[in-house]
Amino acid sequence: MLQIGFIKANKEKVIEGLKKRNINDFAILDEAIQLDEERKATQTELNTLQAESNQISKEIGMLFKQGKRDEADVLKAKVGAGKERTKALEHKMSELEEKIENLLLQVPNVPHPSVPSGTTEEDNEVHRAWPGALPVLPDDALPHWELASKYNLFSLELGTKIAGAGFPLYRGKGAKLQRALISFFLDENTAVGYEEIQPPHLVNEATARATGQLPDKEGQMYYVTKDDLYLLPTAEVPVTNIYRDEILKPEDLPIKMTAYTPCFRREAGSYGAHVRGLNRVHQFDKVEIVRMEHPDNSYAALDEMVEHVAGILDKLELPYRILRLCGGDIGFTSALTFDFEIYSAAQKRWLEVSSVSNFENFQSNRLKLRFKEDKKTKLAHTLNGSALALARIVAGLLENNQTAEGIKIPKALQPYTGFAVID
RNA sequence: GGAGAGAUGGCAGAGCUGGUUUAAUGCACUGGUCUUGAAAACCAGCGUACGUUAACGCGUACCGGGGGUUCGAAUCCCUCUCUCUCCGCCA
């Protein structure tokens with residue numbers, strides 16, 4: 001959520017940014033600013049009234065102590081008169097505050113100047129192309145879902161039997177590969193200073209609200225009605241919320257955390273082509289990295305995260321490219337996002353495996369994550385990224401590394417799997 | 001799931017027979033005095049949000065959340081949430 005004060009002071013900049021997101025109606029900004037003016041005027045009047053009332057109440061207290069009941073009664077009547085007006089103003093205040101918040105919730109983050117304009121994923125800019133030739137497989141190469149049955153690695157049918165469509169069941173070397181990747185990713189992340197976190201997998205409403213899943217993306221989360229809890233769509237949600245409502249010292253920053261969790265997504269309405277196998281599922285495993293940064297340092301941190309994720313993909317020997325998302329494709333809360341896509345030689349298409357974003361203070365404003373500097377409290381910047389999402393990495397590994405002798409496991413992963421080939 | 005106790009500023013902890021409490025006190029923290037330096041001692045400062053002001057300030061709200069009684073609520077009432085203790089069940 002943007003701050004109303006920021007919008008007021010930087011209206012032109014905000015409008016320029018929102019245009020990149022293909023938004024052309026800015027009436028909402030003016031409305032919010034106007035309501036905020038009204039709010040201020042209301043508060044001034046209310047506070048004056050309250051100050052008077054407080055003053056008189058104090059006098060009544062003193063008169064009572066001196067036993068001057070009659071004089072006290074006179075004052076009592078005087079205060080009583082203003083009460084209705086106070087009530088009305090209080091009511092108006094909370095109404096205005098709610099209206100303003102509802103408007104601000106509809107305004108997405110202002111994209112970073114480097115975000116290219118565009119409307120769809122077609123307009124994303126290739127930030128770093130794969131330098132070598134893309135791997136080419138023989139014509140009889142299999143997609144990962146067929147490799148899975150050939151080597152008995154996972155079963156979508158059994159997952160469907162037990163839970164429903166989109167809940168894969170991994171088994172044998174397929175299950176071991178999952179566990180190996182999770183450990184490998186966590187070790188890579190902790191090696192460069194991310195603290196490992198194991199958060200709850202269910203979150204309450206306040207948590208989902210603070211990271212922006214609510215009220216907007218309600219339909220994307222699984223909801224446990226009986227206990228009023230949500231299954232987490234990404235580890236970003238619980239991990240970021242560790243620092244909800246906190247005021248840090250500058251030296252506490254940066255905060256670097258990593259967490260493995262399963263991720264649950266209803267993916268309502270996303271059916272059709274390209275959803276076969278592990279390409280799009282309701283439950284998948286992901287290792288996430290989250291950072292809280294000083295505003296001056298957040299873009300350097302973003303670059304560092306991008307290089308870190310690239311390094312992991314290098315170790316996995318997967319061909320990948322990095323995209324700078326355009327204004328039309330960038331997330332609601334993000335100021336700048338880089339997507340990582342690996343090339344699946346069997347499907348002959350790119351698969352998104354990581355999304356690394358700087359939210360600047362858009363998220364911390366909701367979170368109320370601040371730090372104190374020069375006696376002022378300021379909002380910190382938050383960033384996060386996948387390092388990495390499992391299902392599609394597995395798809396790419398299986399497909400690209402298939403040979404007549406079986407599926408080769410990259411060297412870096414072998415200490416974790418305990419085997420070098422799936423056959 | 002049952003019974004009881006509780007929730008106060010970074011922490012500990014008073015206040016809880018409603019009215020100079022502007023939330024005491026201690027610890028921690030920050031600045032200063034002293035010291036070669038440090039410790040100790042002493043002095044001062046030390047919450048958040050919003051409004052107002054050129055600024056110093058001033059005002060308002062906040063004692064788990066929400067609502068109520070009252071001229072006035074940390075204090076009384078209602079309600080929700082959470083924590084602790086005991087019992088039950090249990091990986």
Engineer: When both hydrogen-bonding distances must be under 3.5 Å and the geometry is Watson-Crick or G-U wobble, what is B:A49 paired with, if anything?
Structural biologist: B:U60
Engineer: Categorize A:Ile56 for me: base, sugar-phosphate, or nothing, with a 4.0 angstrom heavy-atom threshold over every strand shown.
Structural biologist: nothing
Engineer: Can you give one letter per nucleotide of nucleotides 58-64 of chain B, going 5' to 3': B for a protein heavy atom under 4.0 Å from the base, S for sugar-phosphate only, - for none?
Structural biologist: -BSS---
Engineer: Say you pick atom C1' in B:C58 and the same atom in B:U22; how far apart are they, in whole Å?
Structural biologist: 14 Å
Engineer: How far does the C1' atom of B:A73 sit from the matching atom of B:U17, given to the nearest Å?
Structural biologist: 14 Å
Engineer: Tell me if a side-chain donor or acceptor on A:Asn189 pairs with a main-chain N or O of A:Ala387 at a distance below 3.5 Å.
Structural biologist: yes
Engineer: Rounded to the Å, how far apart are A:Leu96 CG and B:G51 P?
Structural biologist: 13 Å
Engineer: So if I apply the side chain to side chain contact (heavy atoms under 4.5 Å, CB included) rule between A:Phe371 and each of A:Lys249, A:His294, A:Met292, which one comes out positive?
Structural biologist: A:His294
Engineer: Quick check: closest heavy atoms across A:Ser117 and A:Cys326, and the distance to 0.1 Å?
Structural biologist: O-CB, 4.0 Å
Engineer: Extract all donor-acceptor atom pairs below 3.5 Å that involve side chains of residues 157-165 of chain A and protein atoms in other chains or at least two apart in sequence.
Structural biologist:
unit_1	atom_1	unit_2	atom_2	d
A:Thr160	OG1	A:Leu156	O	2.7

Engineer: For the pair made of NZ in A:Lys378 and P in B:U48, what is the distance, rounded to whole Å?
Structural biologist: 14 Å
Engineer: Rounding to the closest angstrom, what is the interatomic distance between B:C50 and B:A39 at atom C1'?
Structural biologist: 43 Å
Engineer: What does B:U81 pair with, Watson-Crick or G-U, if both distances are under 3.5 Å?
Structural biologist: B:A7
Engineer: Without decimals, in angstroms, what is the distance between A:Ile247 CD1 and B:C29 P?
Structural biologist: 19 Å
Engineer: Using only side-chain N and O atoms of A:Arg39, determine if any of them is under 4.0 Å from OP1 or OP2 of B:C50.
Structural biologist: no
Engineer: Ignoring backbone atoms, test whether A:Arg370 places a side-chain nitrogen or oxygen under 4.0 Å from the OP1 or OP2 oxygen of B:A49.
Structural biologist: yes
Engineer: Which residue in the set A:Glu45, A:Glu52, A:Glu90 passes salt bridge (charged side-chain N to carboxylate O under 4.0 Å, His left out) when paired with A:Arg85?
Structural biologist: A:Glu45
Engineer: How long is the span from the CG atom in A:Asp339 to the CH2 atom in A:Trp350, to the nearest 0.5 Å?
Structural biologist: 12.5 Å
Engineer: Can you check the distance between B:U83 and B:C76, where both ends of the measurement are the C1' atom (answer in whole Å)?
Structural biologist: 24 Å
Engineer: If pairing requires Watson-Crick or G-U wobble contacts with both distances under 3.5 Å, which nucleotide is the partner of B:G37?
Structural biologist: none
